[in-house]
Amino acid sequence: MSRHKLLRQVLCLCLLCIPFLAIQSQTAARSAEQVCGDVDASGAIDVGDIAYLVDFLCFNAAAPPYPQFATCDGNREIDISDLAWIIDYLFFSGPAPLCLEGSHTDVTGPCLSHLVNKAMSGAATTAGQSGCLNRVQSEEQAGEMHAELVNGKLHVYHTNAYYQCCLGYSVTYEQTGRFITAVESDTGELCDCYCYFDLESVWEGLYPYGDEYWIVVLIGIEGDTVGTDTIPVNGTMVLETVGHDLHVHHLNAPLNCCPAFYVDYTIVGNQITAVENDSLNACLCLCFYNLESVLYELSPGEYVVTLIGGTTTPFAGDTIGVDTAVIAP
């Protein structure tokens, strides 16, 4: 008798024997030793897992407490093929179950700002201003400044700027090491009135190597310091959960211009460590990238995620970010 024919007979036998394989508990706690194929969370792959799947698939019983351990064929759906896989594994020396928990994919976005022949100082690529804002004028109310890196470009904002009404806003930048100075100027005609503006300038001249962070200083039209802000040189980490999948984003990551990005994950309890690597490093230029890695089918709970640069990246050994992520049941 062929292996597949015998396997079908075993499946039929399991269906006939279901009254004797009734599930004893639908609320099994996850075992620390639970592995792929341990459908009932007992800590071992055995006939109880077959019973649980038969009861769920054929008699509308409760779903397995941790579905990611029941998708034994790696297709993200719990169906008869998962039952067949476990039977084949237990009774016919078939391959071990293939669950998706811990598997992941890595995505490198396009180069956000190619740095060949990039100047490290110069005028802003764009400088925008609102019209006069309808706010009570007060020379004592100072403007506010903040900076952020968006797709490899530095955006510097000056809100509630109190300048003359015919403002023609422009900004020049200069970078010296970790210090970036943005100097405002007014190219407009003079008007005999003042009002509030929201201002923004964008600069593409950043060079991604340097210290742990940039210090951005905004100098006002009259030579005063409007404010300072810091920008992390190695980019920022942002976590996102979609179902039981964890998306780890690394925004504005500095890498060589033709990277081969991948991530090594380690999961110990509720601690997830993601180490980024670049297996190519073949180009003599640098770019900013938005990177994403998706870790599939995590068990419900709260996780502490740490993103670290690997030895093949410009940010080798640096901690990009630490944050918590909650996977809902």
Side-chain angles (χ1 to χ4, degrees), residues 3-4 6-105 239-248 265-272 274 293-305 324-329:
R3 175 181 178 181
H4 293 293
L6 187 58
L7 181 58
R8 286 196 298 270
Q9 290 186 356
V10 172
L11 284 172
C12 294
L13 180 62
C14 287
L15 294 174
L16 291 173
C17 295
I18 188 60
F20 305 100
L21 296 173
I23 305 303
Q24 299 301 315
S25 173
Q26 304 291 352
T27 59
R30 180 180 177 183
S31 167
E33 293 79 26
Q34 189 174 7
V35 295
C36 181
D38 182 13
V39 179
D40 59 0
S42 67
I45 305 175
D46 52 30
V47 71
D49 302 304
I50 297 174
Y52 209 123
L53 279 179
V54 170
D55 209 17
F56 167 64
L57 293 171
C58 303
F59 296 93
N60 296 319
Y66 300 99
Q68 63 270 29
F69 292 105
T71 56
C72 304
D73 59 356
N75 70 354
R76 302 175 72 90
E77 300 291 337
I78 303 176
D79 51 31
I80 194 70
S81 65
D82 300 304
L83 178 61
W85 197 291
I86 293 180
I87 293 173
D88 195 28
Y89 172 69
L90 286 176
F91 299 107
F92 302 104
S93 300
L98 299 172
C99 294
L100 289 173
E101 184 181 58
S103 65
H104 67 281
T105 57
L239 302 181
E240 176 189 13
T241 57
V242 180
H244 287 178
D245 299 341
L246 175 66
H247 294 243
V248 180
Y265 279 96
T266 302
I267 305 175
V268 179
N270 74 328
Q271 304 287 323
I272 298 176
S293 182
V294 184
L295 189 60
Y296 295 112
E297 297 295 342
L298 291 173
S299 299
E302 182 175 285
Y303 294 87
V304 178
V305 183
T324 58
V326 177
I327 303 295

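FYI, the numbering just counts along the sequence from 1. Every heavy atom of this structure was used, including side-chain atoms; hydrogens, water molecules and symmetry mates were not.
For D73, the side chain to side chain donor-acceptor pair (under 3.5 Å) test picks out N75, S81, with sequence neighbours left out. Residues passing the side chain to side chain contact (heavy atoms under 4.5 Å, CB included) test with Q271, sequence neighbours excluded: V304.
Rounding to the nearest 0.5 angstrom, the gap separating the OH atom in Y303 from the CG atom in L295 is 8.5 Å. Note that CG of L98 is 6.5 Å distant from SG of C36, once rounded to the nearest 0.5 Å.
Listed for the W85 side chain is no donor-acceptor partner under 3.5 Å among the backbone atoms of I80. Looking at D49, its side chain does come within 3.5 Å of a backbone N or O of D40 through a donor-acceptor pair. D38 contributes a side-chain N or O that, together with a main-chain N or O of G43, makes up a donor-acceptor pair within less than 3.5 Å.
Shown here for L53 and A70, the closest heavy-atom pair between the two residues is CD2-CB, 4.4 Å. Contact record, A44 with S42: O-OG, 3.2 Å, taken as the closest heavy-atom pair. Between P65 and Y52, the closest heavy-atom pair is CD-OH, 3.4 Å. Counting all heavy atoms, side chain and backbone alike, L239 lies closest to A325 at CD1-CB, 4.0 Å.
No option in I50, I86, L83 other than I86 meets the side-chain contact (heavy atoms from CB on, under 4.5 Å) test with V39. For the side-chain contact (heavy atoms from CB on, under 4.5 Å) test with I272, the passing option among T266, V248, L246 is L246; the others fail.
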